[in-house]
> 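Structure in structure tokens, see below.
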Amino acid sequence: MNRLLDDLNEAQREAVATTEGPLLVIAGAGSGKTRVLTRRLANLLRQQLAEPYQILAVTFTNKAAGEMQDRVASLLGGSIEQLNVSTFHSFCARLLRREASELGYQDSFTIFDSIDSASLVKNCITELSMNTSQFAPKAQLRKISNAKNKLISADSFAASASGYFEEATAKIYLLYQQRLRECNGMDFDDLLFNTVLLLKDNQTVGERYRRRFRYVMVDEYQDTNHVQYLMLRHIVDAHNNICVVGDEDQSIYGWRGADIRNILDFEKDYPGARIIKLEQNYRSTRNILEAASAVIAHNEARKGKTLRTTGQVGEKLKLWHVDNAETEAVAVVDSIEQGRTQTPLGEMAVLYRTNAQSRPFEEQLRRRSLPYQIVGGIAFYQRKEIKDLIAYLKLIANPYDDVSFQRIVNYPKRGIGAKSIGVIAELARRENRPYFQVATDAHTFAELSAVGKRLKPFVDLIEKHRRKFQEAPVDFLTQELVDDLNLIPELLEEDKTVGQARVENIEAFIEGAAAFARANGGAGLTEYLATISLYTDLDEYKETEDKVTLMTLHAAKGLEYDTVYLVGLEEGLFPLQRAIDDPMELEEERRLFYVGTTRTRKRLYLSTASSRFRFGQTMSIPSRFLKEIPPELVDVIDLRQRQPVRRPAAQSQSLFGTSSTGQPAPAGVHYEWDNDNEGLRPGRIVQHPTFGRGKIIRAEGYGESLRLEIMFTGIGIKNIMAKYARLKVVG
């Protein structure tokens, strides 16, 4: 037991030793929460309080789950069989495969990823004779996802729908669920939704899992949504032995359904809960920690804690004022080049609010031949050649999967066009049969007489592999499929420039399948598909590579670096414009800033641009978060080239006083713009090249910073910067 506690601080030891009843561990950034979770899990096993299969530990990424399992194995001197450490979705997928018949599914059901789900929603919109421009598939899928995350079924949604658009979404939701079931498929949200339904409504199944899991542990509890919260409640109700670890100051996923109230109200949900705060930070220097703490202190929705460090004071934060996105990228990459003599490239990260901001950094890094990787680009398993291969494997495992059939029936090309696929779809609906079965019996349908011969080789190929997929190791099956499809020559012939890279991706996929088979006792296709369908970008991210990392702030959560560049700190970009007038969203943006600053161990660089072109506008007001950092913690460096407009002293004060160059570093510097703006005033009618005619209803600023609020006919209000809008006064 001592080995599990010896190197822990007092709060950590208390959390590890507390084994009974509800426990909330508030774990500040860099406070060793993973160590506490793994030691506590090992402690439960070391004391023989439960068998491995009686403990459930859930987190949000496969990477975190794998790390937890490895650490427990290291602590206890070997791997632990039947230990349930996984993501929420992986746990639910395994449970549902065992209990599929209780819901009327086959245990070979397909898990639809976001791309497959969007394709199916688009099919439903078309089938309902709706316009995909008016009802965008991705937007409809978001609405359906939001409903499922609140445990609102398609029938319940339809019963309460009101108004034209909501009623249309209800029809799409109903048809989408019907088609999913016909495909023997579930989307990501269904995994959670259906698990909760089983635990709640099926007394036999519910009791089985309540009796089985005597201890439940949850990582990143602040990121749980309502349906995850309900799943946990239905499992732990019998004993209340639940330990959750999280930090309300790092709750940054409200946009995808995470409910911060789950962690804020833990004591109300579990009366008598014990609260332990981990406030010792082992990651960042004192200056970085004090800056982050000062900013997050402006939030109201928090339990509050005082992070402290015994580490060095460290360097001051560097705040760069730059002209624009291009000069920002130059400054960052200059610093990376200079800093690589003392810091490996793999210990440097550029963090931004939106993916679109990566372009100038990529250009500068390529220009100087500096290696880099992007987290959050096109994920490996979403690349076309990989998606096509996976669709074949999905159809082999589940011939009811209409979406996979639709994707690959004419790939490689077989002369089966969109019109023929449409006929197959129509016949499938009429006969209440899956697409593949219709294709199999094409010779019995007069409507398919023209394409029957072209469908037969495809059907034969799928049937050939279906006969062996349950026995053959997944890598052998995949290799044989690739050979039968003649896929390698096909890819090289399609595009000689990128074909080789696509072939290498196929080879990497087969290699990954082989590694999976070896690690899982020769596991087959169904298990492999279930695993890869739940992979995320972070599962593919390799921290060991000596490359600069570019990523969004959301993707950076859970990672840490010696040097971090936090860029694009302007109002409207960070925080985002939509959050500025919403107190709850603004607090989440501030938490995102806190997450970004606490990723770094030693050096933190911040940058704000005087102008940034975005959606036809420029933004020139530094982020409010910069003003919330105590001035004594920051060195302000003015890297701008153009001369600012002279202002009265009261208007030209530096954000933090005087910069390290001795020049003022004013918030929102504006530059002269020679064009005549006299005509751009409220009441004037203007013509915009994209939005058409509109009336100016408000004007703010002057010169280069003139910002206009314009009501455009048939479009609504747009906020734009006059300099870049190419407006013509017409009235």
Side-chain angles (χ1 to χ4, degrees), residues 1-19 23 25 27-88 90-91 94 213-221 241-247 276 278 280-283 344 346-347 512 515-521 523 531 534-536 538-545 557-562 599 601:
M1 178 62 183
N2 286 340
R3 198 163 79 86
L4 297 179
L5 299 177
D6 279 350
D7 57 349
L8 302 180
N9 64 39
E10 185 178 343
Q12 290 173 334
R13 280 197 297 272
E14 184 183 358
V16 170
T18 302
T19 60
L23 170 65
V25 180
S31 63
K33 73 175 178 66
T34 304
R35 171 177 287 195
V36 167
L37 275 168
T38 52
R39 298 294 178 91
R40 188 177 187 275
L41 205 164
N43 182 35
L44 292 172
L45 294 171
R46 176 72 61 83
Q47 292 196 56
Q48 298 183 333
L49 296 172
E51 295 296 328
Y53 69 86
Q54 294 176 314
I55 301 173
L56 172 64
V58 286
T59 185
F60 280 84
T61 66
N62 292 293
K63 182 183 175 188
E67 182 181 347
M68 201 183 303
Q69 276 189 314
D70 291 344
R71 288 200 190 187
V72 171
S74 176
L75 288 167
L76 297 180
S79 61
I80 310 299
E81 298 293 329
Q82 296 185 307
L83 187 60
N84 297 283
V85 180
S86 68
T87 65
F88 276 96
S90 294
F91 167 73
R94 288 200 307 274
F213 295 117
R214 295 177 55 185
Y215 293 92
V216 175
M217 298 172 64
V218 189
D219 190 14
E220 305 286 8
Y221 189 64
N241 284 334
I242 180 171
C243 167
V244 304
V245 181
D247 180 5
I276 298 173
L278 305 183
Q280 179 70 48
N281 178 279
Y282 293 96
R283 179 188 300 156
E347 285 295 344
F516 176 84
R518 286 194 300 271
N520 294 276
T531 299
L534 300 174
Y535 278 170
T536 66
L538 281 180
D539 295 319
E540 298 166 38
Y541 167 60
K542 296 178 177 61
E543 289 178 272
T544 55
E545 292 191 9
K557 187 154 178 287
L559 304 175
E560 56 185 76
Y561 302 88
D562 281 349
R599 295 312 90 200
R601 302 186 193 100

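Position 1 is the first residue of the sequence, and the numbers go up from there.
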> For Phe60, does its backbone N or O pair with a side-chain atom of Asp219 as donor and acceptor, under 3.5 Å?
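Judged by distance alone, no pair lies under 3.5 Å.
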> Decide yes or no for Phe213 and Asn241: does some side-chain heavy atom of the first lie under 4.5 Å from some side-chain heavy atom of the second?
no
> Looking only at non-hydrogen atoms, find the nearest pair between Arg46 and Leu4 and report the distance.
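Looking at all heavy atoms of both residues, the closest pair is CB-CD1, 4.3 Å.
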> Do you know which two heavy atoms are closest between Pro52 and Glu81, and how far apart they sit?
CB-O, 3.3 Å
> Ser86: what forms a side chain to side chain contact (heavy atoms under 4.5 Å, CB included) with it, not counting sequence neighbours?
Ser90, Phe91, Arg94
> Taking side chain as C-beta onward, heavy atoms only, is Val25 less than 4.5 Å from Arg40?
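Answer no - side chains too far apart.
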> For Glu347 and Pro344, indicate whether the former's side chain and the latter's backbone hold a donor-acceptor pair under 3.5 Å.
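Between the backbone of Pro344 and the side chain of Glu347 there is no qualifying donor-acceptor contact (under 3.5 Å).
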> How long is the straight-line distance from CG of Asn62 back to OG1 of Thr531, given to the nearest 0.5 Å?
8.0 Å
> Would you indicate whether the side-chain heavy atoms of Leu41 and Leu83 approach each other to under 4.5 Å?
yes
> Salt-bridge test for Asp7 and Arg39: reply yes if a basic N is under 4.0 Å from a carboxylate O, no otherwise.
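Salt bridge present between Asp7 and Arg39.
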> Minimum heavy-atom separation for Ala27 to Asp247, with atom names?
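Heavy atoms of Ala27 and Asp247 come nearest at O-CB, 3.2 Å.
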> Tell me, please, which residues at least two apart from Thr18 pass side chain to side chain donor-acceptor pair (under 3.5 Å).
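Here the qualifying residues are Arg274.
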> How many angstroms lie between OG1 in Thr87 and NZ in Lys63, if you round to the nearest 0.5 Å?
15.0 Å
> Rounded at 0.5 Å granularity, tell me how far CG in Asn9 sits from OG in Ser31.
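Rounded to the nearest 0.5 Å, the CG-OG separation comes to 8.5 Å.
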> CD1 of Ile80 to CG of Leu45: how many Å apart, nearest 0.5 Å?
6.0 Å
> Indicate the atoms forming the closest heavy-atom contact of Met217 with Leu44, along with that distance.
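Here Met217 and Leu44 meet closest at SD-CD1, 4.2 Å.
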> For Asp562, check side chain to side chain donor-acceptor pair (under 3.5 Å) against everything at least two apart and list the hits.
Arg601
> Please report the closest heavy-atom contact between Tyr215 and Thr19, naming both atoms and the distance.
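Nearest heavy atoms, Tyr215 then Thr19: CE2-O, 3.1 Å.
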> Looking only at heavy atoms, what is the nearest atom pair of Met68 and Thr38, with distance?
CG-CG2, 3.4 Å
> Hey, is Glu67 close enough to Arg71 for a salt bridge, meaning N to O under 4.0 Å?
yes
> So, Asn84 side chain and Tyr53 main chain: donor-acceptor pair closer than 3.5 Å or not?
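Checked: pair present.
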> Is the closest side-chain heavy-atom distance between Val72 and Val85 below 4.5 Å?
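Side chain of Val72 against side chain of Val85, heavy atoms only: no contact under 4.5 Å found.
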> Answer yes or no: is there an ion pair linking Glu220 with Lys33, defined by an N-O contact shorter than 4.0 Å?
yes
> Hey, what do you get for CZ (Arg13) to CG (Asn43), rounding to the nearest 0.5 Å?
13.0 Å
> Report the distance from atom CD of Gln82 to atom CD1 of Ile55, rounding to the nearest 0.5 Å.
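CD1 of Ile55 is found 12.0 Å from CD of Gln82.
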